[in-house]
Q: 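Attaching a single structure in structure tokens format; questions to follow.
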Protein chains: 2
Amino acid sequence: MTTIKDVSKLAGVSVATVSRVLNENGYVKEETKQKVKQSIETLEYKPNAVARSLYNKKSYTIGLIVPDIMNPFFPELARSIEDEMNVHGYTVILCNSDADAKKEEHYLDILKQKYVDGVIFVSHTLKQESIKEWGLPLVALDRPIGEDIPSVSVDNRKAARTAVEYLINKGCQSIAHICGPSFIPNANERYLGYLDAMQNTNQKNYEELIINGYYQWKEAEKSTYTLLKNNDSIDGIFAGNDIMALGVMKAAEAAGRKIPKDLQIIGFDGVQISEMLNPELTTMAQPIYEMGTKACEMLLERIEGNQVLETMSCFETRIIERSSTL
Amino acid sequence: MTTIKDVSKLAGVSVATVSRVLNENGYVKEETKQKVKQSIETLEYKPNAVARSLYNKKSYTIGLIVPDIMNPFFPELARSIEDEMNVHGYTVILCNSDADAKKEEHYLDILKQKYVDGVIFVSHTLKQESIKEWGLPLVALDRPIGEDIPSVSVDNRKAARTAVEYLINKGCQSIAHICGPSFIPNANERYLGYLDAMQNTNQKNYEELIINGYYQWKEAEKSTYTLLKNNDSIDGIFAGNDIMALGVMKAAEAAGRKIPKDLQIIGFDGVQISEMLNPELTTMAQPIYEMGTKACEMLLERIEGNQVLETMSCFETRIIERSSTL
DNA sequence: TTGAAAGCGATACCAT
DNA sequence: ATGGTATCGCTTTCAA
């Protein structure tokens, strides 16, 4: 690796001068500047980011902690975050936490040691206090942690309610809900949204039509199959996320229900694959990519110390009408 | 941030001694050791990884360059790589290149500046020479670059041939191939594998049944639809990857062909969603997770300077039989 | 306008 | 067994 010293020697100046032209600060005569630039060119010199970080206490690196990049919701998020940070000259360290508090804190430690400038994370286990004492800028994505931690999300309850109402408007008389684990706040909110919508209907047994799919495809499939077998009247299902909706669709097929004629299905999230299915999935879509971008903006605001500190960003969701509903 | 100096002061020893207990090298009296550990504890001291990197010329960070993390093939790869590197104390910087040579080289530059210890990449545009002069350990994944660059992949041609033969054995008389872009070597090899298999059949018009799906879902769907409309006799399709197979399935539905009765389909890759579909997709699966792990092992061998230098790792693929074939 | 030198935080060599 | 100090590569203050 060639260093600033090599450049200074070749150009016949001091390292201080080289540093000046590198960072375009301080005075340097046009002539010397050219000499230095020339030397940089010929040596193909690239400044060492580690040395810079050490002095500046800034690494132009952020951490991204997600439960599992293999969950289809996160690649799109990761992509948008990487894109946006890249534009601003930052690099992204990817961490999979499996939603395990231990792992999350482990990563937080490591990231801090590596001098990251901030972290964007998706977690429901981290607590406000432990995060605050961590000391670096953070933004919570998809799962708000508390008042004091900036976050980007959607109004899950309202969106869920709207999704269920959509099924009602499409004529469903008996709507079930495959929910996510209640300890994940957004799953719980979607569950509450379902209740909100159902309260105003004639359907009385709806509390019995709520089953846990644990936000997982296989689980959702299994429990939906049982549910359908035991309840002939069900003609609509609101799945707590798109992955579970996939399971629901398979179960419906296995149970001999035609989608959407016998059974209408609406998912939640709007991940890419929801469109690639057969039939395509109607879903309450979050603007995933934009949310990632927004999280970056909020993080950058904090990192670069601007005062415009938006703390809660709530995005609108929208229904994408496709063929799993009438 | 507390530094080694703070610890040394509190413990009443020199920074050298602290460093010794930190790295467990050199002699240090049990008593002082305890004092130091105590101080580390009370100050919650964590060594600064940046300073360490600067001195050691080692960052315990690697780069991972993939075309696009949103492509379902890569999350599984990214996960396995992050898992494996994490076990060894490394952290992973994620880079999306869009298979664009400019971006790839841009990232390579940045990663080098950040002192990464090595890079794992998926690329068909990088050339052997430019990689060699880059100077740090590299491993090519999924798309071998040349003899001198260590790589992890599968025998795409043979696997493709086997996939097509599987359709033949299942009774298909007229098999089409939706291929990927020919400039991506693995797509081309899969294409050759298709030809290998078809040469021995009675089907003579097979060269007319090869269409480009550009490794993309939407493209594959469109061109497959046209293909099916113009060729009533097609009863089998080998898709160059699973994503295109999804498009094929949709097109088949739209064209009124029943899967697998009228039309059998086999994909390639074995990504997670191939199982979540309806019907489930039969596919020639690569051991994606294991391949990622292997790439890590090979990279670590080079980083840590062991001499056991395996350069070409070729994994076996296997057919996962599901319901898109008879 | 430029250079010398003091850091940034840690490691390891050379003394003692 | 422990401490002083040069070093990693770069930035910035202070002098000249």
Side-chain angles (χ1 to χ4, degrees), chain A residues 1-37 39-40 43-61 89 109-117 135-136, chain B residues 1-37 39-40 43-61 89 109-117 135-136:
Chain A
M1 243 340 229
T2 82
T3 75
I4 197 173
K5 218 168 174 177
D6 301 323
V7 176
S8 74
K9 265 183 208 143
L10 180 60
V13 298
S14 75
V15 294
T17 302
V18 177
S19 176
R20 279 185 198 106
V21 344
L22 236 40
N23 301 291
E24 296 181 317
N25 75 29
Y27 302 91
V28 38
K29 207 190 343 177
E30 187 55 33
E31 197 186 319
T32 16
K33 185 188 270 181
Q34 290 314 322
K35 259 195 311 191
V36 171
K37 285 199 168 173
S39 311
I40 289 176
L43 294 176
E44 292 186 37
Y45 166 72
K46 300 268 190 330
N48 178 327
V50 173
R52 276 188 161 170
S53 296
L54 183 58
Y55 187 92
N56 296 324
K57 297 182 184 312
K58 177 148 181 42
S59 62
Y60 284 97
T61 302
D109 274 353
I110 295 199
L111 291 171
K112 194 179 199 171
Q113 287 187 51
K114 295 218 174 181
Y115 253 68
V116 296
D117 301 323
L136 294 180
Chain B
M1 244 340 228
T2 82
T3 74
I4 197 173
K5 219 168 174 176
D6 301 323
V7 176
S8 75
K9 263 185 210 143
L10 180 60
V13 298
S14 76
V15 294
T17 303
V18 177
S19 177
R20 278 185 200 105
V21 345
L22 235 41
N23 301 292
E24 296 182 316
N25 75 29
Y27 302 92
V28 37
K29 204 189 345 176
E30 187 56 32
E31 197 186 319
T32 18
K33 186 189 269 182
Q34 290 314 322
K35 259 194 311 189
V36 172
K37 285 198 169 174
S39 311
I40 289 177
L43 294 177
E44 294 185 36
Y45 166 72
K46 299 267 191 330
N48 178 328
V50 174
R52 279 187 160 168
S53 297
L54 183 59
Y55 187 90
N56 296 324
K57 298 183 182 313
K58 179 147 179 38
S59 62
Y60 283 96
T61 303
D109 274 354
I110 295 197
L111 292 171
K112 194 179 200 173
Q113 287 188 51
K114 294 219 174 179
Y115 253 68
V116 297
D117 301 323
L136 293 180

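Chain letters run A, B, ... following the sequence lines, proteins first and then strands; every chain starts at 1. Note that these values count all heavy atoms, side chains included, but never hydrogens, waters or copies made by symmetry.
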Q: Does B:Thr17 make a side-chain N or O approach to OP1 or OP2 of D:dG3 shorter than 4.0 Å?
A: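 Looking at the OP1 and OP2 atoms of D:dG3, one of them is under 4.0 Å from a side-chain N or O of B:Thr17.
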
Q: Evaluate the side-chain contact (heavy atoms from CB on, under 4.5 Å) criterion for residues B:Asn48 and A:Gln113: first the C-alpha distance (whole Å), next the side-chain angles of each, then the deciding distance (0.1 Å), finally the verdict.
A: CA-CA 5 Å; B:Asn48 178 328; A:Gln113 287 187 51; over 6 Å; no

Q: Report yes if some heavy atom in the side chain of B:Arg52 is under 4.5 Å from a heavy atom in the side chain of B:Leu22; otherwise report no.
A: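 Result yes, sub-4.5 Å side-chain heavy-atom pair found.
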
Q: Show the nearest heavy-atom pair for residues B:Val21 and B:Lys37, with the distance to one decimal.
A: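 Taking every non-hydrogen atom into account, CG2-CG, 4.4 Å.
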
Q: Counting N and O atoms only, with roles assigned by atom type, does the side chain of A:Ser19 sit under 3.5 Å from a partner on the main chain of A:Val15, one being a donor and the other an acceptor?
A: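 Answer holds: no.
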
Q: Decide yes or no on side-chain contact (heavy atoms from CB on, under 4.5 Å) for B:Val50 and B:Leu54, but give the supporting numbers first.
A: CA-CA 6 Å; B:Val50 174; B:Leu54 183 59; 5.7 Å; no

Q: How would nucleotides 8-16 of chain C be written as a contact map, 5' to 3', with B for base contact, S for sugar-phosphate-only contact and - for no contact, using protein heavy atoms under 4.0 Å?
A: BBBBBB---

Q: Can you tell me if B:Thr61 and A:Lys114 form a side-chain donor-acceptor pair at under 3.5 Å?
A: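 A donor-acceptor contact under 3.5 Å links the two side chains.
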
Q: Contacts to DNA chain C from residues 27-35 of chain A, heavy-atom cutoff under 4.0 Å, which residues?
A: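 Heavy-atom contacts with DNA chain C come from A:Tyr27, A:Val28, A:Lys29, A:Thr32.
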
Q: Within a radius of less than 6.0 Å around OH of A:Tyr60, do more than 12 heavy atoms belonging to other residues, nucleotides or ligands occur?
A: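 Count not over threshold, so no.
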
Q: Go through it in stages, so that I can follow the logic: the residues are A:Val7 and A:Leu10, the test is side-chain contact (heavy atoms from CB on, under 4.5 Å), and I'd like the CA-CA distance, side-chain angles, deciding distance and then a yes or no.
A: CA-CA 5 Å; A:Val7 176; A:Leu10 180 60; 5.9 Å; no

